[in-house]
Amino acid sequence: MSQAHARPELPPQYAPGDSESTLYERWVERGYFTPDEKPSDKPTYSIVIPPPNVTGQLHMGHAFQHTLMDALTRRRRMQGYDTLWLPGMDHAGIATQNVVERELANEGKSRHDLGREAFVDRVWQWKEEYGGRILGQMRRLGDGVDWTRERFTMDAGLSRAVQTIFKRLYDDNLIYRAERIINWCPRCLTALSDIEVDHKDDEGELVSIRYGDGDGAVVVATTRVETMLGDTAVAVHPDDERYRHLIGTEVQLPLTDRRIPIVGDDHVDPEFGTGAVKVTPAHDPNDFDIGQRHGLPMVVMLDERGVVTAHGPFEGLDRFEARPAVTAALRELGRIVDEKRPYVHAVGHCSRCDTVVEPRLSLQWFVRVGPLAKAAGDAVRDGRTTIHPPELAKRYFDWVDDMHDWCISRQLWWGHRIPVWYGTDGETRVLGPDETPPTGDAWAQDEDVLDTWFSSALWPISTLGWPEETGDLARFYPTSVLLTGYDIIFFWVARMMMFDLYARDGLQPFDVVALTGLIRDGRGRKMSKSAGNAVDPLDWIEQYGADALRFTLARGANPGTDVPITEDWVKGSRNFINKVWNGVRFGLANGATTGEIPPRDALALADRWILSRLNTTVDEVNALYEDYQFAKAADSLFHFAWDEVFDWYVELAKTSFKKSDDQAAATRVVLAHVLDVLLRLLHPIIPFVTEQLWTALTGGESIVIADWPEASDQRLDAEAEVQIGLLQVVVTEVRRYRAEQGLRPRQKVDAALVTADSVLTEYSTELGALTDLTVQSRDDIPHGWAVVDIRGSRIALDLSGAIDVPAERARLTKDLEAAQKAKSVAETKLGNPAFTGKAPEQVISTMRARLTAAEADIARITGQLEALPSG
RNA sequence: GGGCGGUUAGCUCAGCGGGAGAGCACCUCCCUGACACGGAGGGGGUCACAGGUUCAAAUCCUGUACCGCCCACCA
């Protein structure tokens, strides 16, 4: 409804400046982002944010994902959902501990100088002081999160969740402690899980060493010469003719006083190297397995820093120093058969600090992944959770279906301490949050903390209050969407699925997993600080505004696809926003006022046309948003706004304003309506400008709480679309002709532009304005033709060619058939009791929606077919 | 070693069975009362290659080449 309100003067260029921050704080103060206090009968929509690290700063990847999550939640909020976007941060175990340790190092201290308790206090202190910078940066971006529900993975409540699930998993025999070969970072001095290890190709050398002498000698090949100090056997394939006779014998291990057996083991590939393998059970996972099978002793020859222990002259050498040293010693003994044969193989590196990972025998806690991973796979297989885009589901299955047990203990101080106490009598007690730990000297708590991802895995439930059965948990779980990068499927998505399905008895943590690509630079390279190609999103926000950055990111967001981004794109978005700004400015200056749209009969063709086009755009954009097709939704809005509203409708409106009062008034209302709807459609992506323009245009309280536009088929107007299409073709043809003739723009030329086609007669004023011709009417021109007569030179425009009627009819017919087919498929399904009885409600309602959509399509296309000019 | 994706205009990409497209860049004209962060017009591609299916293939199938990503305990 129109209402009188002060209309601010808008400057000719949009300047984001401080207005963005002001608007944001106003939204927060008014509580727009906080769901109602009490649950209502509104449908709910919830997203938990992938918690950024406390140490983190907003980078382009955050800006990207946050823009999309914000767009999803803003739209749902406008649609009237009970909407929650929950923010928070992750304590980020190793990362944060490293930051504080570095700080201590600058003071010449180590964490051991402080002791555990003081160190942890220090980290908390750091967190209070410097942590969470990213939260302020999120405000700058415009993230509509509910700050009253902000969470941190080390909050008391979340820690309770961690301890609860640990205990439950332990009691269910899904957590166990064992001595295993694990990935060890000799710099971080902690165990790592498999996925915290990055494999990189390394140019190693394969060295062949002869063990033993004479007939009993055997030659082994290795890239890790130094580990021979820890060998406790040589393995060959049991069927290998070359070596079969040696199985059961022993050889002298060079440089040591030990004799080691030769064993037969299927694991050995006779084709590789010499077909004989040195076996180092304490320093290689395969060898560990062989050792287990043959009951071999385990000789540890490296300490936790990768330094050789107690092996004569090599003691105290780093593993990389030991390699040439041991090689030299063997060479001296004449034991090297072949060396320096280049051999490229994958070597594990710590994903945190890039140090070469050392497989190490150690006592750690593990999650027995089997049943949990199975359930995680099943939830996607049976459709409780949908992965989008579907291609990426394969990655998820590959991982989940073949997952190793997860090493969860970390030899760090910052994190959730393992809730296990050991008695001197050998007793082990695993305690839940409400149990009192044993006291006294006879008891000691496990020194280790849990992998950061252990608590992250609980994020969707712990942030909502689990293990308590809170109102939020009932109201917002399962969450609607998890939106995150495909790079984090294993680290996070799969583990949330495992833990949360387990904790909630099979209820999935999210209905949909929407996976985004990664942000790259203009040349497709990953953005990274070290490569020097990373751009701070705040720089661009500063320069072009948050909206411009957001629009750019949304426009690049094709599902699961990486997004190259350059400053030129951001400039382009800024230009688009400025275009919208000026479009609304035009409307305001010309008295555009929202109000009741006059009935169709009272509207000019152009008004009917733009309303029809608007309707189609609303439909299209809604479908695209529903399908997480942000790039296409943004693109659709971009082209509708620029090509149709601003390039054509605004120009036509200029003429309309000079016509009769009634027509001018109608156009003012239609223009205001089109701008209003356009702004609302754009708001999820570019919240700031749209708020500013929309309140100026409508006098409403805030676009944040405005209604979301829905299409109405009554606005579809095939006749108007055809007619205005004709007009556009004529105008374009004439303009091209003018350009070819070298006529200067705005040079008025007397010309005849005539046809019997009604649109051209009715729109002679507009035609004159758009082509800078003086249009005359003549009745000697046949139907379907227009003639342009400029200074004695004439061209005839074949308007029947302007719209290829047969082709258009064929296209529409095809669309109609498709719609009819979709309708009949949906009808069949819905008429089948087996389907309606057994399929989940969600699937059934989707099918109903599909039926409705198909019926609407049929009606629309039929109308368009009827409106097509005959012949 | 396994798996996945890509190869379309100078660049970045969309299209995935009947018309080769978008943004940016480029050329020409224009500071017109919304906007030069703009307007009007224009040029530019044997859709990687080779076969096949089809009335019809950038689009489906097979193979080849190159590029990228993920996974991986063959020394």
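By convention in this document, chain letters (A, B, ...) are assigned in the order of the sequence lines, proteins followed by strands, and residues within each chain are numbered from 1. Because only heavy atoms are used, hydrogens play no part in the values below, and waters and symmetry mates are left out as well, while side chains stay in.
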Side chain of [X]: nearest nucleotide among [options]?
X: A:N582; options: B:A34, B:C37, B:A75; result: B:A34
X: A:N575; options: B:G38, B:C70, B:A40; result: B:G38
X: A:R555; options: B:G39, B:G23, B:A75; result: B:G23
X: A:F586; options: B:A34, B:G42, B:C35; result: B:A34
X: A:H199; options: B:A75, B:A72, B:G39; result: B:A72
X: A:R520; options: B:A75, B:C37, B:C69; result: B:C69
X: A:W399; options: B:A75, B:G23, B:A72; result: B:A72
X: A:D568; options: B:G41, B:C24, B:A75; result: B:C24

Verify the contact: side-chain N or O of [X] to OP1 or OP2 of [N], cut-off strictly under 4.0 Å; return yes or no.
X: A:W581; N: B:G38; answer: no
X: A:R736; N: B:G42; answer: yes
X: A:K654; N: B:A34; answer: yes

So for atom CD, which belongs to A:E179, do other residues, nucleotides or ligands contribute more than 12 heavy atoms lying within a distance under 6.0 Å?
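Yes.
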For RNA chain B, the dot-bracket pattern of Watson-Crick and G-U pairs whose distances stay under 3.5 Å, | for other-strand partners:
((((((((.[[[[.).....]]]].(((((.......))))).....(((((.......))))))))))))....
[atom1] atom, [N] versus [M]: distance in rounded Å?
N: B:C26; M: B:G45; atom1: C1'; answer: 15 Å
N: B:G39; M: B:C4; atom1: C1'; answer: 46 Å
N: B:U46; M: B:A56; atom1: P; answer: 24 Å
N: B:C13; M: B:G6; atom1: C1'; answer: 12 Å
N: B:A48; M: B:G41; atom1: P; answer: 31 Å
N: B:G68; M: B:U8; atom1: P; answer: 15 Å
N: B:G63; M: B:A22; atom1: C1'; answer: 33 Å
N: B:C35; M: B:G23; atom1: P; answer: 22 Å

Taking the six-membered ring of A:W406, is the NZ or CZ of A:R495 close enough (under 6.0 Å from the centre) and on axis enough (within 45°)?
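Yes; both conditions hold, so A:R495 lies above the ring face of A:W406.
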Check for me whether A:R735 meets the cation-pi criterion with A:W648, that is, NZ or CZ under 6.0 Å from the six-membered ring centre and within 45 degrees of the ring axis.
yes
Test of understanding: with salt bridge (charged side-chain N to carboxylate O under 4.0 Å, His left out), list the residues that count as partners of A:E651, not counting sequence neighbours.
A:K654
Please figure out whether A:F638 or A:W642 has its closest RNA chain B nucleotide nearer the 5' end.
A:F638
So which one's nearest nucleotide on RNA chain B is more toward 5', A:F272 or A:V197?
A:V197
Suppose we call a contact any N or O donor and acceptor under 3.5 Å apart; does that hold for the side chain of A:K579 and the base of B:C35?
yes
Remember a base hit wins even if backbone is also touched, and classify [X] as base, sugar-phosphate or nothing at under 4.0 Å, heavy atoms.
X: A:R574; result: base
X: A:A235; result: nothing
X: A:V650; result: base
X: A:T732; result: sugar-phosphate
X: A:E651; result: base
X: A:G572; result: nothing

Residue pair A:L671 / A:Y649, side-chain heavy-atom distance below 4.5 Å:
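A:L671 reaches A:Y649 side chain to side chain.
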Hey, are the side chains of A:D265 and A:R293 touching, using non-hydrogen atoms and a 4.5 Å cut-off?
yes
Check step by step if salt bridge (charged side-chain N to carboxylate O under 4.0 Å, His left out) holds for A:K659 and A:E766.
CA-CA 11 Å; A:K659 290 191 172 171; A:E766 282 83 352; 2.9 Å; yes
Could you state the [atom1]-[atom2] distance from [X] to [N], rounded to the nearest angstrom?
X: A:D487; N: B:G68; atom1: CG; atom2: P; answer: 19 Å
X: A:K632; N: B:A14; atom1: NZ; atom2: C1'; answer: 6 Å
X: A:H639; N: B:A22; atom1: NE2; atom2: C1'; answer: 5 Å
X: A:F646; N: B:C37; atom1: CZ; atom2: C1'; answer: 14 Å
X: A:K658; N: B:G33; atom1: NZ; atom2: P; answer: 11 Å
X: A:Y343; N: B:G1; atom1: OH; atom2: P; answer: 10 Å
X: A:H283; N: B:A75; atom1: NE2; atom2: P; answer: 18 Å
X: A:L652; N: B:A34; atom1: CG; atom2: P; answer: 14 Å

Taking A:N590's backbone N and O only, do any of them form a donor-acceptor pair with A:R668's side chain (distance below 3.5 Å, no angle check)?
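Checking the backbone N and O of A:N590 against the side chain of A:R668, a donor-acceptor pair under 3.5 Å is found.
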So how far is it from A:E567 CD to A:D521 CG, rounded to the nearest 0.5 Å?
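A:E567 CD to A:D521 CG: 13.5 Å, rounded to 0.5 Å.
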In Å, rounded to the nearest 0.5 Å, how long is the span from CD of A:E205 to CG of A:D338?
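If we round to the nearest 0.5 Å, A:E205:CD and A:D338:CG are 10.5 Å apart.
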From CA spacing to verdict: side chain to side chain donor-acceptor pair (under 3.5 Å), A:H267, A:D289
CA-CA 9 Å; A:H267 165 78; A:D289 291 341; over 6 Å; no
Between the side chains of A:E620 and A:T617, is a donor N or O closer than 3.5 angstrom to an acceptor N or O?
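Checked: A:E620/A:T617 side chains show no N/O donor-acceptor pair below 3.5 Å.
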Geometric class of the A:W581/A:Y14 ring pair [parallel <30°, tilted 30-60°, perpendicular >60°]
tilted
Can you give one letter per nucleotide of nucleotides 2-13 of chain B, 5' to 3': B if a protein heavy atom sits under 4.0 Å from the base, S if only from the sugar-phosphate, - if neither?
-SS-------SS
